[in-house]
S.K.: 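Submitted below is the structure of interest, expressed as structure tokens.
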Amino acid sequence: MTTSASSRTALSVNVNKVALVRNTRHLGIPSVTRAAQLCLEAGAQGITVHPRPDERHIRASDVAELHELLKQWPEAEYNIEGNPFHNLMDFVRAYRPQQATFVPDGQDQFTSDHGWSFPQDAERLAPLIAECRALGVRVSLFMDPVPEQMAAAKAVGADRVELYTEPYAAAWGTPAQAQQLEAYRAAAQAALDAGLGVNAGHDLSLDNLGAFAAGVPGLLEVSIGHALIGGALERGYAGAVQAYLQCIASAQP
Ligand SMILES: CC(=O)[C@@H](O)[C@H](O)COP(=O)(O)O
Ligand SMILES: NCC(=O)COP(=O)(O)O
């Protein structure tokens with residue numbers, strides 16, 4: 001059965017690492033907004049940023065400038081990630097992106113490496129999720145692939161979960177590869193059964209994305225940055241985005 005392009009998993013390009021390189025000089029290049037523009041022109045369905053409190057890569061000014069750029073791309077989605085108990089809610093209130101992804105990162109964490117825990121996090125998350133939804137912003141919760149946690153994510157008001165895929169990526173090419181894929185398939189199915197949408201991200205690449213996109217049910221969106229931007233250094237943004245779109249299309253014929 002041929003999958004229509006509209007039902008295929010959407011690609012949201014995370015441009016954190018463009019900002020990381022830009023921040024190493026005071027020259028304003030490479031441009032984050034130019035990178036986003038080129039990725040959207042190449043067919044990416046969205047742009048993701050993770051404006052961490054220390055502004056190691058994405059700065060508040062980038063979030064504002066991308067908000068302005070995306071007004072020219074009404075079909076594209078803006079996904080702003082962050083910890084809602086740090087600075088994320090300021091950006092949600094100011095820009096009302098299509099999606100806010102809540103990530104339980106510490107202020108100086110090296111990178112994202114875990115999801116929310118229920119029931120511990122439910123009480124403090126619920127009002128912020130409700131505020132986002134009242135602003136018309138979809139909420140996705142960054143989650144480990146634990147089927148038993150999905151009902152609680154729904155109960156706290158989330159629209160979607162984003163499955164944290166580093167363990168899957170780390171297992172790629174090892175004997176644990178198939179077991180990891182099955183874990184994500186089961187977690188995604190549990191999310192669907194709970195009435196949640198399913199996103200995924202972290203360390204996805206052209207090596208491991210195809211099997212994931214083919215094997216994980218109901219995958220609405222993948223947000224990919226590190227490997228895609230790394231690939232863009234070799235083949236350009238358009239070439240990198242088109243390679244990821246082709247990978248998804250081949251996995252979801
Ligand atoms: C939440 C997640 O897995 C990534 O979106 C995150 O943005 C990675 O952050 P760094 O780019 O700072 O590693
Ligand atoms: N939510 C995952 C994301 O936006 C990008 O993660 P990565 O591809 O940079 O690891």
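Throughout, residue positions are numbered sequentially from 1 according to the sequence presented. Ligands are counted one by one from 1 in listed order, and the atoms in each one are counted from 1 as well. Computed from a prediction, not measured in an experiment: that's the story for all the values here.
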S.K.: Is there a chain of hydrophobic side chains (I, L, V, M, F, W, Y, each step under 4.5 Å between heavy atoms) that links Val198 to Leu196?
M.R.: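 Same cluster.
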S.K.: Considering the heavy atoms of His226, write down every atom of ligand 2 situated less than 4.0 Å from one of them.
M.R.: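 Counting atoms of ligand 2 from 1, those under 4.0 Å from His226 are 7 (P), 8 (O), 9 (O).
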S.K.: Could you tell me, atom by atom, which parts of ligand 1 come under 4.0 Å of a heavy atom of Asn14?
M.R.: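 Every atom of ligand 1 under 4.0 Å from some heavy atom of Asn14: 5 (O), 7 (O).
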S.K.: In the protein, which heavy atom is nearest to atom 4 (O) of ligand 2, and how far is it?
M.R.: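 Atom 4 (O) of ligand 2 sits closest to the protein heavy atom Asn14 ND2, 2.8 Å.
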S.K.: Between Glu65 and Ser61, do the side chains contain a donor N or O and an acceptor N or O under 3.5 Å apart?
M.R.: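 Per modelled atom types, Ser61 and Glu65 side chains form no pair under 3.5 Å.
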S.K.: Tell me whether Glu81 has any N or O atom under 3.5 angstrom from an N or O of ligand 2.
M.R.: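 There is such a contact, yes.
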S.K.: Would you please say whether a donor-acceptor pair under 3.5 Å links the side chains of Gln37 and Glu41?
M.R.: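 Result is yes, a qualifying pair exists.
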S.K.: So which atom in Asp159 and which in Val137 form the shortest heavy-atom distance, rounded to 0.1 Å?
M.R.: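 Nearest heavy atoms, Asp159 then Val137: OD2-O, 4.4 Å.
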S.K.: Determine the minimum heavy-atom distance between Thr111 and Gln109, stating which atoms define it.
M.R.: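 Looks like O-NE2, 2.9 Å.
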S.K.: Below 6.0 angstrom between ring centroids: does that apply to Phe212 and Tyr184?
M.R.: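 Yes.
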S.K.: Please list, in number order, the atoms of ligand 2 under 4.0 Å from a heavy atom of Gly201.
M.R.: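 Listed by number with element, the hits are 2 (C).
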S.K.: Within the 4.0 Å heavy-atom shell around Phe142, which atoms of ligand 1 are there?
M.R.: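 Those atoms are 1 (C), 3 (O).
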S.K.: Suppose I only count heavy atoms of Lys17 and a 4.0 Å limit; which atoms of ligand 1 are within that range?
M.R.: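 Those of ligand 1 that fall under 4.0 Å from Lys17 are 11 (O), 13 (O).
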S.K.: For a quick check under 3.5 Å, do Asn14 and Ser223 share a side-chain donor-acceptor pair by atom type?
M.R.: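 The criterion, which ignores hydrogens and geometry beyond distance, is not satisfied for Ser223 and Asn14.
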S.K.: Going by the atom numbers of ligand 1, which of them fall below 4.0 Å from some non-hydrogen atom of His57?
M.R.: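 Listed by number with element, the hits are 10 (P), 11 (O), 12 (O).
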S.K.: Tell me: protein heavy atom nearest atom 3 (C) of ligand 2, and distance?
M.R.: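 Protein heavy atom at minimum distance: Ser223 O, 3.4 Å.
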S.K.: Mark up the atoms of ligand 2 that fall under 4.0 Å of a heavy atom belonging to Thr48, in ascending order.
M.R.: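 Listed by number with element, the hits are 4 (O).
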S.K.: Check each atom of ligand 2 against the heavy atoms of Ile224 and keep those under 4.0 Å away; list them by number with element.
M.R.: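 Checking each atom against Ile224, I get 8 (O).
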S.K.: What atoms of ligand 1 come closer than 4.0 angstrom to any heavy atom of His202?
M.R.: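 This gives 2 (C), 3 (O), 4 (C) as the contact atoms.
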S.K.: Any idea which part of Glu81 is under 4.0 Å from ligand 1, heavy-atom wise: side chain, backbone, both or neither?
M.R.: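 It is the side chain that gets close, since no backbone atom is under 4.0 Å.
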S.K.: Quick test: of every protein heavy atom, which one is nearest to atom 8 (O) of ligand 2, and how far off is it to 0.1 Å?
M.R.: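 Nearest protein contact, heavy atoms only, for atom 8 (O) of ligand 2 is Gly225 N, 2.7 Å.
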S.K.: Counting only heavy atoms not in Gln120, do more than 12 fall under 6.0 Å of its CD?
M.R.: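 Buried by this count: over 12 neighbours within 6.0 Å.
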S.K.: I'd like to know if the side chain of Thr101 pairs up with that of Asn79 as donor and acceptor (distance under 3.5 Å, no hydrogens or angles considered).
M.R.: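 Result is yes, a qualifying pair exists.
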S.K.: Of the protein's non-hydrogen atoms, which lies at the shortest distance from atom 11 (O) of ligand 1, and what is that distance?
M.R.: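 Checked against all protein heavy atoms, atom 11 (O) of ligand 1 sits closest to Asn16 ND2, 2.8 Å.
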S.K.: Hey, can you tell me if His57 and His50 have their rings parallel, tilted or perpendicular (30° and 60° cut-offs)?
M.R.: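 Perpendicular.
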S.K.: Any N/O of Arg52 closer than 3.5 Å to an N/O of ligand 1?
M.R.: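 For ligand 1, there is an N or O atom that lies under 3.5 Å from one belonging to Arg52.
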S.K.: Answer yes if the ring centres of Phe102 and Phe142 are under 6.0 angstrom apart, and no otherwise.
M.R.: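 That pair fails the under 6.0 Å test.
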S.K.: Which residue holds the protein heavy atom closest to atom 6 (O) of ligand 2, what is that atom called, and what is the gap in Å?
M.R.: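 Protein heavy atom at minimum distance: His202 CA, 3.7 Å.
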S.K.: Could you tell me, atom by atom, which parts of ligand 2 come under 4.0 Å of a heavy atom of Glu162?
M.R.: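 Those of ligand 2 that fall under 4.0 Å from Glu162 are 1 (N), 2 (C).
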S.K.: If only side-chain N and O atoms count, and only distance matters, is there a donor-acceptor pair under 3.5 Å linking Arg59 with Asn23?
M.R.: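 Yes - a donor-acceptor pair under 3.5 Å links their side chains.
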S.K.: Give me the residue, atom name and distance of the protein heavy atom closest to atom 10 (O) of ligand 2.
M.R.: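 Minimum-distance protein heavy atom for atom 10 (O) of ligand 2 reads Asp203 N, 2.8 Å.
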S.K.: Does either side chain, that of Arg138 or that of Gln99, offer a donor lying less than 3.5 Å from an acceptor on the other one?
M.R.: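 The criterion, which ignores hydrogens and geometry beyond distance, is satisfied for Gln99 and Arg138.
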S.K.: By number and element, which atoms of ligand 1 are closer than 4.0 Å to a non-hydrogen atom of Thr111?
M.R.: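 Close to Thr111: 8 (C), 9 (O), 10 (P), 13 (O).
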S.K.: Non-hydrogen atoms of His226 versus ligand 1: any pair closer than 4.0 Å?
M.R.: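 No; His226 lies far enough from ligand 1 that no heavy-atom distance drops under 4.0 Å.
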